[in-house]
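The chain is numbered in sequence order, starting from 1. Here the structure is a predicted model, which means the values were calculated and not measured.
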Amino acid sequence: MAVLRGTDFLTGFWFDVLLRTVLAGLFIELEKAEPFTRKIQEDELWLYKNPRTDSYVTTTVLWPLVFLMPAIVIFFTFIVYKNKTDCYQAVLSVTLALGFNGVITDIIKLIVGRPRPDFFWRCFPDGKMNSDFKCNGNPVTVRDGKKSFPSGHSSFAFTSFGFIALYVAGKLHTFSLVGKGQSWKLCAFVLPICIALAIALSRTCDYHHHWQDVVAGSVIGYFLTYLCYRHYYPPLDSQVCHQPYAMLTLQSESAKNRNDQIKWI
């Protein structure tokens, strides 16, 4: 029986590695794909003539936040609880959520092809629009300008910090009977959500996204991270919300084996 469980674990481990590798590869390829070119009507051109500005949260800041912050939280949780199973399950949860989010967000971007609020200046850097609306700007800049919906910054921020909020709330029993009435535990849940919200809102302030893009990206990111979190962990109002399903399954099997041994005795 132990050999079978070991084989099942190795099979599951390599499948998890392969799945996340495939998702990462798809995301990288989709980032380079050409989105749908949506026709812009004259009466809506004003939506896309906002000034070009630098991002408040650049990708060089976003990616370390998205990938390092969950890793740091998981690492410190491991230092406190010394639980290898929980650490492994947490890594599986957040990496799956990030992988799904990257691919799904990019697929929607490519299909919708909505221009960004500053698309006019990406398309015509000199401000001179031709009659057939044929862009003369940098092709890479123009291509990126057609990927407004949904906001990738927003979806990745809510995937990453949404996971942190859920993970911390589970460990602190924020929403179960044990943690009720302790405001600092609620603050520990709200803080990561606020950080994600600030990142998302910044995309409207620097004219890189419309408000609808930010709302959709935020919903997609949080939905996917909640879905993946719940695949590995119980609901937050459960009395065992701090333990992953993998541990609960092992405990259940151990209890069953003990009961069987007692019966034989």
- OH of Y226: more than 12 outside heavy atoms within 6.0 angstrom? no
- Message: Treating K185 as the side-chain partner and G179 as the backbone partner, does any N or O pair qualify as donor plus acceptor under 3.5 Å?
- Response: no
- Message: Can you confirm if the aromatic rings of F158 and F223 lie within a centre distance of less than 6.0 Å?
- Response: no
- Item | Backbone of V240 reached by a side-chain donor or acceptor of Q243 within 3.5 Å | no
- Kindly determine whether N50 and F119 satisfy side chain to side chain contact (heavy atoms under 4.5 Å, CB included), including the steps that lead there. CA-CA 8 Å; N50 289 283; F119 181 72; over 6 Å; no
- Taking the side chain from R203 and the backbone from H208, do they hold a donor-acceptor pair closer than 3.5 Å? no
- Task: Could you check if a side-chain atom of Y88 sits within less than 4.5 angstrom of a side-chain atom of F13, using non-hydrogen atoms only?
- Result: yes
- Does CZ belonging to F75 count more than 12 external heavy atoms closer than 6.0 Å? no
- Run through F175, W184, Y167 and flag the one making a ring-ring contact (aromatic ring centres under 6.0 Å, His included) with F189. F175
- Say whether, by atom type as modelled, one donor and one acceptor occur between the side chain of T225 and the main chain of T159 under 3.5 angstrom. yes
- Task: Check whether any side-chain N or O of T53 sits under 3.5 Å from a backbone N or O of D206 as a donor-acceptor pair, and report yes or no.
- Result: yes
- Message: Can a donor-acceptor pair be found, under 3.5 Å and without considering hydrogens, that links the side chain of K109 to the backbone of K147?
- Response: yes
- Message: Please tell me whether F27 and F156 form a close aromatic pair, meaning their ring centres lie under 6.0 Å apart.
- Response: yes
- Message: Between the side chains of R114 and D213, is the shortest nitrogen-to-carboxylate-oxygen separation below 4.0 Å, so that they form an ion pair?
- Response: yes
- Task: Determine whether more than 12 heavy atoms belonging to other residues, nucleotides or ligands lie under 6.0 Å from atom CD of E42.
- Result: no
- Just do the side chain to side chain contact (heavy atoms under 4.5 Å, CB included) check on C241 and H173 with the steps written out, would you? CA-CA 7 Å; C241 60; H173 289 270; 3.5 Å; yes
- Message: Let's go through R116 and H209 carefully: what are the C-alpha distance in whole Å and the side-chain angles of both, what is the deciding distance for side chain to side chain contact (heavy atoms under 4.5 Å, CB included) to 0.1 Å, and is it a yes or a no?
- Response: CA-CA 6 Å; R116 295 182 186 272; H209 284 286; 3.1 Å; yes
- Task: From the options T105, L110, I111, select the one residue that forms a side-chain contact (heavy atoms from CB on, under 4.5 Å) with I107.
- Result: I111
